Amino acid sequence: MTTTAKPNRLTDIGPPHYEKFLPPMVKKNYSKWKYHESVAPGVLCHVGESGDRLYTVRAGSPRLLSIQTIRLFADLADRYSGGHLRFTSRNNVEFLLTDPDNIEPLKKDLVGAGFPVGGTGNSISNIVHTQGWIHCHSAATDASGIVKAVMDALCDRFTQQNMPAKLRIALACCLNMCGAVHCSDIAILGIHRLPPKVQTTNVPKVCEVPTLIASCPTGAIRPLTVDGKTSVEVVEEQCMYCANCFTVCPALPLNDAENDGLSIWVGGKVGNARSEPKFSKLAIPFIPNHPPRWPEVVDAVVNIVDVYAKHAHKYERMGEWIERIGWPKFFQLTGIEFTRYHIDDFKHAGLTYARSAHIKY
Ligand code: SF4
Ligand code: SF4
């Protein structure tokens, strides 16, 4: 049996290879960068072994971009960076420039169009966030609306490098956490506080019961026979209000205008060569939803940022600062009340203790 080489398959499945879109200078210096430096707030310079210098200008973007905004960014990229731009994982837009003379005109055009330049070095980068009420079915709160209100109050911390260290804020609109809240210095997390309301007679009509039972990560759903038909019930003390069941079965809604809201968590970060990763921990258990500007959430975040900025040492991240001063002192300095909700008494709490991905030899 002979084998013949198959021609390259043409397909539209999956993204095209990223190399296709790299700016020429990045392609030329790929994996051969020597160092980078911070030129000014929002401006970085990467220097290659070849001596090439690539300038990055970073601006905040609202993440959900209108077609007008995308056209504006594309026009600015055509004018100043050879058509090249990228989006960071925290929804900043970055223009990659080879000509330093273009930095100031680009910054002027961005700021003039309402997009602040900053987010690099010891500052607050843009807030990474999730879909919110605009898109996701299990959201306990909005995403973009709160982020806009919080960043309006913290804009000078984005445009200036006046923090002890970099500070990352994240928002997820439910505890499924599409938004990296577990590893950010300050996390704003939407929470449901009641288990799903089972529409018992609808369950067998619209849902597949075995799949529904299997969807619950804590095993809180068990079968129940109603009028000779198989439905389900929820064991409340095992429910963590995650809405996974609602994802597979619309007959288990758990959105609740009175009891849904937000919590604030602090001290998370990813690991680096110096320190292990840290999970964020509960600071404020519940703040009600007050759209359109969520004033209590804005005040709470600004307060934590201000206290941290005043008391932390240079280059000390939020979690490192809290560990140095101790949690009682954190609650004292921020004026946040310590309540019974800060004690993890969930049935499966044991699984959350001492979980670190850091390997020690
Ligand atoms: Fe949906 Fe939850 Fe993700 Fe928000 S965090 S987008 S509600 S799954
Ligand atoms: Fe299970 Fe989550 Fe549904 Fe509660 S909300 S029953 S934990 S899947």
Side-chain angles (χ1 to χ4, degrees), residues 62-65 89-91 126-150 168-184 186-200 202-204 206-224 230-257 259-265 268 279-280 282 286-287 289 291 294 297 344-352:
R63 176 171 180 262
L64 298 174
L65 302 177
S89 54
R90 287 188 184 261
N91 317 321
N126 211 354
I127 299 182
V128 61
H129 68 274
T130 51
Q131 328 306 331
W133 287 329
I134 205 163
H135 180 69
C136 193
H137 59 281
S138 56
T141 187
D142 195 23
S144 306
I146 304 168
V147 165
K148 167 74 176 144
V150 171
R168 300 289 184 250
I169 306 181
L171 184 147
C173 35
C174 85
L175 54 69
N176 286 310
M177 301 204 303
C178 308
V181 293
H182 59 296
C183 60
S184 292
I186 299 179
I188 307 166
L189 178 66
I191 48 165
H192 300 287
R193 295 191 301 169
L194 292 177
K197 301 162 198 67
V198 184
Q199 297 169 348
T200 322
N202 282 345
V203 169
V206 294
C207 307
E208 213 176 64
V209 170
T211 314
L212 171 57
I213 291 172
S215 74
C216 179
T218 63
I221 302 176
R222 63 185 176 200
L224 178 76
T230 305
S231 184
V232 295
E233 64 178 349
V234 172
V235 183
E236 185 166 346
E237 62 271 22
Q238 275 182 235
C239 177
M240 60 174 178
Y241 323 132
C242 70
N244 274 8
C245 50
F246 182 51
T247 304
V248 300
C249 178
L252 269 78
L254 81 170
N255 293 344
D256 184 298
N259 286 290
D260 290 352
L262 300 108
S263 54
I264 308 275
W265 303 65
F279 271 137
S280 46
L282 184 64
F286 186 73
I287 302 173
N289 271 314
W294 284 268
V297 179
D344 188 355
D345 62 350
F346 182 55
K347 190 178 167 79
H348 299 299
L351 292 173
T352 66

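Scope of the values below: all heavy atoms of this structure, side chains included, with no hydrogens, waters or symmetry mates. Each ligand, and each atom within it, is numbered from 1 in the order the structure gives. Just so it is clear, the model here is predicted, and its values are computed rather than measured.
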S.K.: For atom 7 (S) of ligand 2, what is the nearest protein heavy atom, given as residue, atom name and distance?
M.R.: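 That would be Met240 N, 3.4 Å.
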S.K.: Using a strict cut-off of 4.0 Å, indicate which atoms of ligand 2 neighbour a heavy atom of Thr218.
M.R.: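 Reading through ligand 2 atom by atom, the close ones are 7 (S).
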S.K.: Could you check if a side-chain atom of Arg63 sits within less than 4.5 angstrom of a side-chain atom of Arg90, using non-hydrogen atoms only?
M.R.: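 Contact flag for Arg63/Arg90 side chains = no.
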S.K.: Under 2.8 Å from atom 4 (Fe) of ligand 1, how many protein N/O/S atoms can be counted?
M.R.: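 Count of protein N, O, S atoms less than 2.8 Å from atom 4 (Fe) of ligand 1: 1.
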S.K.: Any side-chain to backbone donor/acceptor pair from Ser231 onto Val203? Under 3.5 Å, distance only.
M.R.: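 No, because the side chain of Ser231 does not come within donor-acceptor range (under 3.5 Å) of the backbone of Val203.
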S.K.: Using the side chain to side chain contact (heavy atoms under 4.5 Å, CB included) rule, take Ile191 and Phe286 through it: C-alpha gap first, then chi angles, then the decisive distance, then the call.
M.R.: CA-CA 8 Å; Ile191 48 165; Phe286 186 73; 3.8 Å; yes
S.K.: When you check the gap from the basic side-chain N to the acidic O, do Arg193 and Asp256 get nearer than 4.0 Å?
M.R.: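 No, this pair does not count.
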S.K.: Check the surroundings of atom CD1 in Ile134: do more than 12 heavy atoms from other residues, nucleotides or ligands lie under 6.0 Å from it?
M.R.: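 12 or below, so no.
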S.K.: Could you check whether any side-chain N or O of Asn176 sits under 3.5 Å from a backbone N or O of Cys242, counting only pairs where one atom can act as donor and the other as acceptor?
M.R.: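 It does hold such a pair.
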S.K.: Look at the side chain of Ser263 and the backbone N and O of Leu189, then say whether any donor-acceptor pair between them is shorter than 3.5 Å.
M.R.: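 Yes: the side chain of Ser263 pairs with the backbone of Leu189.
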S.K.: Just do the side chain to side chain donor-acceptor pair (under 3.5 Å) check on Thr141 and Asn289 with the steps written out, would you?
M.R.: CA-CA 7 Å; Thr141 187; Asn289 271 314; 2.6 Å; yes
S.K.: I would like to know whether Val150 and Leu171 meet side chain to side chain contact (heavy atoms under 4.5 Å, CB included); could you show each step before the answer?
M.R.: CA-CA 11 Å; Val150 171; Leu171 184 147; over 6 Å; no
S.K.: Which residues and atoms, protein N, O or S only, are under 2.8 Å from atom 3 (Fe) of ligand 2?
M.R.: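 You should have found Cys245 SG.
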S.K.: Is Cys207 close enough to Cys249 that their SG atoms are under 2.5 Å apart?
M.R.: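 With an SG-SG separation under 2.5 Å, Cys207 and Cys249 do form a disulfide.
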